[in-house]
Structures are given as structure tokens and as C-alpha cells.
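Start at 1 and go down the list; that is how both ligands and their atoms are numbered.
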Amino acid sequence: MNHFQDFASRRAWMVENQIVGRGISAPLVVSAMSRVPREKFVGSDLVDSAYDDGPLPIGHGQTISQPYIVALMAEALDLTGGDVALDIGTGSGYAAAVLASIAARVYSIERIPELAESAAQVLADEGYGNVVVRCGDGTLGWPEQAPFDGICVAAGAPVVPEALRQQLRVGGHLVIPVGSAHTIQSLRRITRLSETEFRTTTLCDVRFVPLLGEQGWS
Ligand code: SAH
């Protein structure tokens, strides 16, 4: 088997066992997870672990999320083909690529310049022309591009940043890990019901790196 077929079959195995097997059923999400080559978003020393059932280090003390968590968050966002999404914590760019395979456009913010740069490069090399990456503090959102149909936050916040709630379109969802501890959070889905009303549901317990910034951890 050549390398490409090998990764394709590992990806198919991952989707069957870790994604569909655990209850993810939204066709757009399953299809995106089946297409995005996770091996391109990890370092060359970790390509053999690219389809493992967990997070992996990407340098600078950060991680690429577990595939199942990326799929769970994408499903909770409930995006469709014409939607515009905001992704906070670009990291490797993997989750941005998954969202870009579902939505029309993705704006992604990363606070570490080296990660923002390498993610932007991989996304461009892999043909994700509908993702824009910028380096900055994602807790403030991206007001120039708001409102968003979905906002995905890949780092744990002490509280839900008000800026992100305000940049959500009515009917849109914000998916974010929230918790008072640095290490364990509860994954919340906040739906904007009207200009002033929001509904929060809790999805599960998760472990993310801390969201550092003006409306996150200091
Ligand atoms: N979605 C990423 C996961 C990366 S881990 C992936 O698929 O690889 C979370 C990332 O959030 C880290 O890279 C971290 O540097 C970044 N981060 C933390 N606080 C942030 C903030 N305020 N704004 C933007 N990025 C932030």
C-alpha cells in the first residue's frame, strides 16, 4: 500500500470507529471528517499517530484536538453550505479545515504567531481557499466580519466572552469549553434566540488548553 492509501484507509477507520461509532451522524460533518487529511496538520514525526483517538502536541505547549471532539463541536455548530464561521484557536488549522469543508467561509484567529503562520501555510497548500487566518486575541472575536452563523472556540474559557456572544447571528450557535479550572471544562453550546436572549446547553466534559486573552484567562 502506498502512503496515500494508507492514510486514506486510516481516516476511514477513524471516521467509522471514533466518529460515526460514537453517534456523530450529521452528513456534512461525517463527510468533512472523511476528507480532511489530519496527517498534514501534525509534525512529520507524528504522522503515524495522525488518526489516533486523542489530541497530539503541535509545539508551543499547544495541541491539535481529538478528532471526535472536533466532530462533536462541528455537529453542535449545525453549519450549512452558505454559512460563515469564526474559529478561535487555529492551532494546527485542522478544525478550521473541517469547518471550511462544511461552511462557505471560515475566519480563524490564533494568538501564537508561529502557529498562525504555519496553519495558514498548510491550509493554503491543501487548497482551503475559504479560510482566513489572523494572529490576535480571539476572545474579542472578529468584529469586522461579524455576525457569524457559528463560532467555535478550541480553548477553555473562565466565562463566555461577551464579545463572542454579541458577534453571533440570531439563530447561530457558539460552542465553547467553559470552566473555573484551567484543566477541565464543560463544553457549552450557546444559541442566540434573539437580540437579547440566549439559550445554553451543556454537551460534555472536556480538557482544552486555556483561552488566554482580554476576555479569557490572564
Ligand atoms: N483547533 C485547533 C486546536 C488548537 S489548541 C486545532 O485543530 O489544531 C487551542 C489553540 O488556541 C492554541 O493554539 C492556543 O494558542 C490558542 N489560543 C489560546 N487563547 C487564544 C486566544 N485568546 N485567541 C486565539 N487563540 C488562542
Side-chain angles (χ1 to χ4, degrees), residues 14 18-19 29 32-33 35-43 46-47 49-74 76-77 79 85-103 106-123 126 128 131-143 145 148 150-164 167 174-179 182-185 187 206-218:
M14 176 274 281
Q18 301 171 30
I19 307 303
V29 175
M33 296 300 294
R35 283 179 288 141
V36 179
R38 197 169 188 260
E39 70 276 12
K40 305 285 190 192
F41 294 88
V42 299
L46 287 174
V47 290
S49 308
Y51 294 98
D52 286 4
D53 192 12
L56 292 168
I58 54 171
H60 305 274
Q62 308 302 324
T63 55
I64 176 173
S65 305
Q66 179 188 14
Y68 171 67
I69 293 295
V70 173
L72 184 72
M73 293 176 91
L77 286 170
L79 295 166
L86 177 64
D87 171 55
I88 309 297
T90 317
S92 67
Y94 176 69
V98 170
L99 298 179
S101 304
I102 300 170
V106 177
Y107 293 92
S108 188
I109 309 178
E110 169 57 52
R111 61 178 287 276
I112 299 177
E114 292 85 352
L115 290 177
E117 227 167 85
S118 64
Q121 187 64 56
V122 175
L123 288 162
E126 294 304 312
Y128 296 97
V131 184
V132 187
V133 179
R134 91 167 181 198
C135 186
D137 179 4
T139 67
L140 305 176
W142 196 319
Q145 303 298 342
F148 300 100
I151 302 178
C152 186
V153 183
V159 292
V160 178
E162 190 52 30
L164 299 184
Q167 289 175 33
L174 160 63
V175 178
I176 180 169
V178 181
H182 257 214
T183 48
I184 188 146
Q185 306 94 18
L187 188 61
V206 285
R207 275 171 193 281
F208 277 91
V209 298
L211 182 73
L212 304 174
E214 210 171 301
Q215 295 187 23
W217 295 98
S218 50

- Item | Per-atom contacts, ligand 1 versus Thr139 - under 4.0 Å to a heavy atom | 22 (N)
- Item | atom 12 (C) of ligand 1: the protein heavy-atom neighbour that sits closest, reported with distance to 0.1 Å | Gln62 OE1, 3.2 Å
- Flag if over 12 foreign heavy atoms under 6.0 Å of CD, Glu162: yes
- Query: Do any N or O atoms from the side chain of Thr139 and from the backbone of Gln215 form a donor-acceptor pair under 3.5 angstrom?
  - Reply: yes
- Please state which protein non-hydrogen atom is closest to atom 8 (O) of ligand 1 and give its distance, to 0.1 Å? Ser92 OG, 2.6 Å
- Query: At a 4.0 Å cut-off, with the gap strictly under it, does some heavy atom of Gly136 reach an atom of ligand 1?
  - Reply: yes
- Backbone or side chain, does any N or O of Asp87 fall under 3.5 Å from an N or O of ligand 1? no
- Task: Report yes if Gly213 has an N/O atom closer than 3.5 Å to an N/O atom of ligand 1; otherwise report no.
- Result: no
- Nearest protein heavy atom with distance in Å, relative to atom 21 (C) of ligand 1: Leu212 O, 3.4 Å
- Task: Identify the protein heavy atom lying closest to atom 16 (C) of ligand 1, giving its residue, its atom name and the separation to 0.1 Å.
- Result: Glu110 OE1, 3.4 Å
- Glu117, CD: over 12 other non-hydrogen atoms inside 6.0 angstrom: no
- Task: Please identify which atoms of ligand 1 are closer than 4.0 Å to at least one heavy atom of Ile109.
- Result: 24 (C), 25 (N)
- Message: Quick one, Ile184 and Arg207 - any side-chain contact, counting heavy atoms below 4.5 Å?
- Response: yes
- In terms of atom number and element, which parts of ligand 1 are under 4.0 angstrom from non-hydrogen atoms of Ile112? 15 (O)
- Taking N or O atoms only and a 3.5 Å limit, does Gly138 qualify as a polar contact for ligand 1? yes
- Of Gly89, Pro210, Gly216, the residue with the heavy atom nearest atom 18 (C) of ligand 1 is Pro210
- Can you pull out the closest protein heavy atom to atom 7 (O) of ligand 1? Residue, atom name and distance to 0.1 Å, please. Ala95 N, 3.1 Å
- Query: Any non-hydrogen atom of Val70 lying under 4.0 Å from ligand 1?
  - Reply: no
- The protein heavy atom nearest to atom 9 (C) of ligand 1 is Ala154 O, 3.2 Å
- Run the numbers for me: atoms of ligand 1, each under 4.0 Å from some heavy atom of Ile64, listed by number. 8 (O)
- Going by distance only, is there an N or O of Arg111 that falls short of 3.5 Å from an N or O of ligand 1? yes
- Output the list of atoms in ligand 1 that are nearer than 4.0 Å to some heavy atom of Leu211, sorted by atom number. 19 (N), 20 (C), 21 (C), 22 (N)
- Query: Distance-only, no hydrogens or angles: does the Trp217 side chain make a donor-acceptor pair with backbone N or O of Gly156 under 3.5 Å?
  - Reply: yes
- Should you measure from each heavy atom of Leu115, which atoms of ligand 1 turn up under 4.0 Å away? 13 (O)
- Query: Relative to the heavy atoms of Thr90, which atoms of ligand 1 are at a distance of less than 4.0 Å?
  - Reply: 1 (N), 2 (C), 6 (C), 8 (O)
- To which protein heavy atom is atom 3 (C) of ligand 1 closest, and what is the distance rounded to 0.1 Å? Thr63 O, 3.4 Å
